[in-house]
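So the structure is just underneath, and the comments pick up after that.
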Amino acid sequence: MRRTAMGNYLNERGCDFEVGEMLGGCNQCEECSFPPTSLPTSFPGCDNGEKYFKLSLETDDYGAETSWRVTSPTNGNVVSGNGYLSNRIYTKRHCIPSDACTFEIFDSFGDGLCCSHGQGSYKVWVDNVEKG
């Protein structure tokens, strides 16, 4: 309907008419409306001698058991993460030294991220190339 036709329709029928399982017109259900989200921000470039590291992590039913780290032979632990909520998706971005070469992910209980207790998973990129 055109805007004027819709206005006339609401004036004649009022706001409390049924549309499927929800109310239409003026009375939209609040939980059906979501505020707009902001645009994603781009990650700033890394300095010379650094690599761009990205981790996409989906935790299982026991997210607090999950931790990870990136290490390098000269600097030891470079970056790490822990303290995650269950059944959530996280994206972590970091600039890491160029000699950082080891990524490790841990499950403190020892049952892994998948599949007995949820569908946890992860992907790793270095300089925008998927590594695993």
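Model, not experiment: these values are computed from the prediction.
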How long is the span from the [atom1] atom in [X] to the [atom2] atom in [Y], to the nearest 0.5 Å?
X    : Y    : atom1 : atom2 : answer
S98  : K51  : OG    : NZ    : 6.5 Å
D60  : R88  : CG    : CZ    : 13.0 Å
C114 : Q119 : SG    : CD    : 4.0 Å
E65  : N82  : CD    : CG    : 13.0 Å
F53  : I96  : CZ    : CD1   : 6.5 Å
C46  : R93  : SG    : CZ    : 11.5 Å

Heavy-atom closest pair (T66 atom, L113 atom, distance to 0.1 Å) is OG1-CD2, 3.3 Å

With a 4.5 Å heavy-atom cut-off, do L55 and T91 have their side chains touching? no

**Asked** Looking at side-chain heavy atoms only, is the closest gap between K92 and K54 below 4.5 Å?
**Response** no

Which atom pairs, donor and acceptor, lie under 3.5 Å between side-chain atoms of residues 100-109 and protein residues at least two apart or in another chain?
residue: E104; atom: OE1; partner: R69; partner atom: NE; Å: 2.7
residue: E104; atom: OE1; partner: R69; partner atom: NH2; Å: 3.0
residue: D107; atom: OD1; partner: F109; partner atom: N; Å: 3.2
residue: D107; atom: OD1; partner: G110; partner atom: N; Å: 2.8
residue: D107; atom: OD1; partner: D111; partner atom: N; Å: 3.2

Practice item. Say whether, by atom type as modelled, one donor and one acceptor occur between the side chain of S86 and the main chain of G63 under 3.5 angstrom. Key: yes

Notebook entry, point to check: Around Y122, counting heavy atoms of other residues, nucleotides and ligands shown, do more than 12 lie under 6.0 Å from its OH?
Noted result: no

TODO: Say whether Y62 and L85 are linked into one hydrophobic cluster, either directly or through other cluster members, by side-chain heavy-atom distances under 4.5 angstrom.
DONE: no

Side-chain heavy atoms under 4.5 angstrom apart, residues restricted to Ile, Leu, Val, Met, Phe, Trp, Tyr: same cluster for W125 and Y90? no

Result for side chain to side chain contact (heavy atoms under 4.5 Å, CB included) between D99 and one of T71, V78, N75 points to N75

